[in-house]
Structure formats: C-alpha cells, structure tokens
There are 4 protein chains.
Amino acid sequence: MAYKVGDKEVVKKTYTAEEVELFAVLSTDKNPVHLDDAYSANTVFKKRIVHGFLVGSLISAVLGNKMPGNGSIYLSQAMSFKRPVYLNEEVTCVVEIMEIIPEKSIYKLSTNCYNSKNEIVIEGNAVIKWMPPSA
Amino acid sequence: MAYKVGDKEVVKKTYTAEEVELFAVLSTDKNPVHLDDAYSANTVFKKRIVHGFLVGSLISAVLGNKMPGNGSIYLSQAMSFKRPVYLNEEVTCVVEIMEIIPEKSIYKLSTNCYNSKNEIVIEGNAVIKWMPPSA
Amino acid sequence: MAYKVGDKEVVKKTYTAEEVELFAVLSTDKNPVHLDDAYSANTVFKKRIVHGFLVGSLISAVLGNKMPGNGSIYLSQAMSFKRPVYLNEEVTCVVEIMEIIPEKSIYKLSTNCYNSKNEIVIEGNAVIKWMPPSA
Amino acid sequence: MAYKVGDKEVVKKTYTAEEVELFAVLSTDKNPVHLDDAYSANTVFKKRIVHGFLVGSLISAVLGNKMPGNGSIYLSQAMSFKRPVYLNEEVTCVVEIMEIIPEKSIYKLSTNCYNSKNEIVIEGNAVIKWMPPSA
C-alpha cells in the first residue's frame with residue numbers, strides 16, 4: 001500500500017425495494033418512510049426513501065474492500081444527510097484521502113455520496129487506521 | 001410528542017454470525033475481519049467483529065421507531081468507534097435528547113452504544129428534524 | 001374465492017447474485033455451485049446457478065399471496081429440477097388449478113417454472129387446503 | 001466419497017422471527033401467517049409459522065454441504081408438510097441414503113424433518129446425482 005493524499009475510489013450502487021426491506025429487518029429500523037408507499041406520499045419526501053445507514057454502509061464497503069482495504073480499522077465516521085435517496089436511484093460514493101499521518105498509520109478521508117443528478121446526498125468524512133494482519 | 005431534554009430510550013441487540021454475513025452481502029462490505037475466523041485471528045481484534053455500520057444502524061432504529069419516532073428526518077450522525085463489537089455480544093444503544101430547538105423542530109441527541117461490560121463501543125451524536133406526515 | 005379448475009396465476013422473477021448470496025446465508029446451503037464463479041466453471045453447469053429452493057419458493061409465494069392466497073395451508077409440494085436457473089435469468093412460475101375437492105377445501109395444482117427460453121426448469125405439483133382465518 | 005445405503009446426516013436449526021421476515025422478502029411469500037401475530041392468532045395454527053420452503057431449504061443444505069456434499073446435482077425433492085413449525089422451535093433434519101444406483105451416480109434419500117417433540121414436520125424424499133467438478 002502506497003497511498004498518497006488525493007487518491008480516490010468511486011463505487012456506484014442502486015438500492016431496490018427488496019434491499020431496503022431486508023435492511024429494515026436487519027437493522028430493526030422499520031420507519032414507514034422506508035417501507036410504506038402510502039405513508040411516504042404524505043411526507044416531505046413524497047416517496048419511500050432508502051435508509052441513510054444503508055447508503056452510508058457503501059462508504060464502509062469502499063474503506064474495507066478497496067482503499068485502503070483489508071486491514072482498515074474504522075476510527076470514526078461523520079455523515080450529514082443532505083438529500084434523500086430514492087428507491088432505484090443510483091448512488092455514487094467517492095472516497096478521497098485528505099491527510100495521512102504516516103507514523104500512526106492514520107488516514108483521514110472525505111466520504112461523499114451523490115445521486116444520479118450529481119447532487120450530494122451524504123457529505124461525510126472518516127478516519128481509519130491501517131493495521132494489516134500479522135503474517 | 002412532548003419530548004424534553006434528558007428524555008432517553010434504550011434498546012439492546014445481539015448480532016449473530018448470520019446477521020453479519022447478511023449485512024456483508026447487503027452493504028457489499030466483505031472485509032474478512034467480519035467474515036473469516038482464520039483471518040481475524042491474526043488481526044488486532046483476534047476474532048471476527050460486527051460491522052460498525054450494522055451496530056450504528058441500531059441508533060437509526062431508535063430514532064425512527066421510538067424517539068422521536070415516525071416523522072424523524074435524519075440530518076446528521078457522527079460516530080467514533082471506540083471498541084470492537086464481537087459476534088453474539090449484546091449491545092445496548094442509549095439515545096438521549098441533549099437539546100431541542102422548538103421553532104425549527106430540531107433535536108440534538110447523544111447516541112452511545114455499550115458492550116456487555118458497559119464499555120462504550122460507539123460514541124456518537126445525531127441531529128434530527130421532526131416532521132410528521134401531513135394528514 | 002370462487003376458483004375453478006383451469007384457473008391460472010403467473011409470476012416472474014429474476015435472481016441476482018446478491019439474492020443468491022443472501023439465500024445461501026439464510027438456508028445455510030453454501031454449495032459453491034451457487035457462490036463461487038471459479039468452482040462453477042468446472043461443473044457441468046459452467047456458471048453459478050440459483051438454489052432450486054429459492055426458485056421453488058416462488059411457487060410458495062404464488063400460493064400464499066395470489067391463488068388461492070391468504071388461508072392457504074400447504075400440504076405438499078413435489079419438484080423435479082429439470083434445468084439449472086442462472087443468475088440474472090428471468091423465471092416464470094405458472095400455477096394452475098388441476099382439481100378441486102370442494103367438501104375438503106382441497107386444491108391440487110400444477111406448479112411449473114420456466115426459463116427465459118420457455119424451457120421448463122421446475123416441473124412440480126402441490127396440494128393445498130384453503131382455511132381462511134376465522135373472523 | 002464412499003457412501004452406502006443407511007448413511008445418515010443430521011442437522012438442527014431454529015428459525016427466528018427475523019429469519020422468517022428476511023425469507024418473506026427474498027421469496028416474496030408474504031402470507032401473513034408467517035408475519036402477522038394478530039392474523040395468525042385467528043388461523044388454525046394460532047401463532048406465526050415458519051415458511052415450509054425455509055424449513056425445506058435445510059434439506060438442500062444437508063445435501064449440498066454434507067452428504068453427498070459439493071458435486072450434488074438436485075434432481076427432485078418431494079415434501080409433505082405434516083405439521084407447522086413455529087418461530088424459535090428447533091427443527092432436526094435427517095437425511096438418509098435409501099438407494100444408490102452406482103452406474104448412474106444416483107442417490108435416493110429420505111429427507112425428514114422433526115420438531116422438538118420429535119414429531120415429523122416434513123416427510124420427504126430426494127434424488128440427487130453426484131457429479132464432482134472436473135479437476
């Protein structure tokens with residue numbers, strides 16, 4: 001691993017009704033704004049929206065699978081939910097290295113997610129420590 | 001809803017290997033520290049750990065299901081991951097109202113999660129806006 | 001409910017890699033022919049296939065949701081797996097009433113599933129008893 | 001593999017409400033007898049029951065994971081649902097080799113599942129062909 005400030009990874013994912021329903025069961029977050037069309041029609045969102053934590057977990061996937069990948073230890077994650085994500089709408093998650101503290105193996109990253117109109121939906125940042133497993 | 005500063009909700013949940021495997025599929029976060037016993041034995045954690053975002057989603061469940069409940073709009077969530085959560089270990093999530101801005105229907109909450117030894121595993125805080133659906 | 005012999009319901013569904021992975025966790029059926037591309041390339045199927053029980057559960061969904069619907073009590077199901085179902089291939093499930101024994105509220109149904117080339121993949125039949133819940 | 005008639009494998013599993021809800025999403029079988037306590041109270045079962053296809057998939061798991069294991073090609077499965085399986089009730093699945101046709105690598109198996117009172121819940125039989133992947 002020889003990452004440097006400015007390195008970037010991009011991942012896209014679209015969430016189906018089925019995935020949102022499965023996440024509602026696993027997370028126990030059964031807020032009807034995620035599950036119930038009729039209820040959601042009367043909210044400010046007008047339609048069912050994807051759980052913020054399901055979208056946010058895509059950030060975790062980039063950090064754990066790609067950059068820096070296996071050996072990442074998650075120290076913190078902040079997220080501002082700027083706009084809703086609707087069912088069947090593609091989300092693009094962009095993770096970029098903002099700062100490296102080499103003597104501590106600490107990486108500070110921006111972790112932003114965008115909708116298909118390129119509007120930000122989650123503005124976030126994360127701190128991870130890179131500790132690959134001993135051989 | 002007549003919440004006041006200091007109101008508190010507590011929820012407990014234990015995560016099984018099966019739930020972690022399902023979350024790995026849904027989130028696409030397949031970091032082997034969540035899935036692979038042999039790999040995890042060589043990490044600083046020594047054993048498989050639960051995804052931080054799966055534990056964190058319990059906070060979302062409390063906000064969406066209980067306090068303030070339906071009508072919650074998630075504005076932000078910050079989480080510091082202080083300790084790992086292991087499989088089959090009970091997590092207690094405590095959400096407490098720290099500040100209310102009534103003219104904006106804004107609630108600021110502390111959102112901390114503890115392990116079975118009452119050690120903090122996620123130290124967090126959230127901001128939500130309460131907008132119940134129109135009748 | 002006034003079903004008669006010859007009544008038919010048709011449902012279509014396509015299974016993604018993600019759904020097959022989730023079913024592998026839930027069913028505990030982790031046969032690599034469902035999960036592992038490299039392994040599957042060396043099998044008679046050449047590619048990963050969907051679990052027969054996941055495809056078959058679509059029959060259960062038709063019986064429980066549609067015809068005869070709520071109140072169905074499943075007495076038996078036989079399935080012959082005639083051809084594999086591949087990932088991302090649409091399956092059409094056709095349930096048809098073959099015989100009714102009105103005094104026992106028993107329905108005998110053919111339950112066949114087809115691939116996108118209209119070749120049969122599951123040839124099956126079921127027996128259900130219709131007992132709607134008491135008011 | 002040197003199986004002979006009479007060889008047997010036994011697997012146990014208990015199904016939680018969460019697992020039944022996840023299976024309802026994946027299978028699309030949302031019959032309320034699996035999901036809704038109040039509805040189920042008025043049925044002949046009195047309580048929510050596990051989907052027959054979820055219990056049955058345990059048979060598939062034994063065949064694919066254990067006996068005969070990888071290389072199993074499922075040719076047919078018949079199931080009679082003799083009794084309901086309730087949430088949080090342990091199911092024991094017993095697969096036994098009844099007949100082997102060596103020149104065709106065909107195995108005929110009894111596949112019965114029992115509840116915690118040792119009453120049969122699924123009486124079944126399966127036929128598989130054993131075709132291990134080419135090296």
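Lettering of chains follows the sequences in order, A, B, ..., and the numbering in each one begins at 1.
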- With side chain to side chain contact (heavy atoms under 4.5 Å, CB included) as the test, would you mind laying out the steps for B:Ile73 and A:Phe81 before giving the verdict? CA-CA 9 Å; B:Ile73 297 176; A:Phe81 302 106; over 6 Å; no

- Message: Can you list the residues of residues 60-67 of chain B that sit under 4.5 Å from chain A, counting heavy atoms only?
- Response: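 Under the 4.5 Å heavy-atom cut-off, B:Ser60, B:Ala61, B:Gly64, B:Asn65 qualify.
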
- Query: Hey, which residues of residues 16-23 of chain A are touching chain B, say heavy atoms under 4.5 Å apart?
  - Reply: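 Hits under 4.5 Å: A:Glu19, A:Leu22, A:Phe23.
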
- Query: Residues of residues 50-58 of chain A under 4.5 Å from chain B (heavy atom pairs)?
  - Reply: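 Near chain B, by residue number: A:Phe53, A:Leu54, A:Gly56, A:Ser57, A:Leu58.
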
- Which of B:Asp29, B:Val11, B:Val44, B:Ile49 touches chain A most, by non-hydrogen pairs under 4.5 Å: B:Asp29

How far does [atom1] of [X] sit from [atom2] of [Y], to the nearest 0.5 angstrom?
{"X": "B:Asn31", "Y": "A:Tyr74", "atom1": "CG", "atom2": "OH", "result": "11.0 Å"}
{"X": "A:Leu26", "Y": "B:Ser27", "atom1": "CG", "atom2": "OG", "result": "9.5 Å"}
{"X": "B:Met131", "Y": "A:Thr43", "atom1": "CE", "atom2": "OG1", "result": "8.5 Å"}

Part of [X] lying under 4.5 Å from any heavy atom of chain A:
{"X": "B:Val33", "value": "neither"}
{"X": "B:Met79", "value": "both"}
{"X": "B:Ile59", "value": "neither"}

- Task: Check whether any side-chain heavy atom of B:Asn70 lies under 4.5 Å from a side-chain heavy atom of A:Tyr39, and answer yes or no.
- Result: yes

- Message: Applying side-chain contact (heavy atoms from CB on, under 4.5 Å), can you list everything that pairs with A:Glu103, at least two apart in sequence or on another chain?
- Response: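 Result, side-chain contact (heavy atoms from CB on, under 4.5 Å) vs A:Glu103: A:Ile101.
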
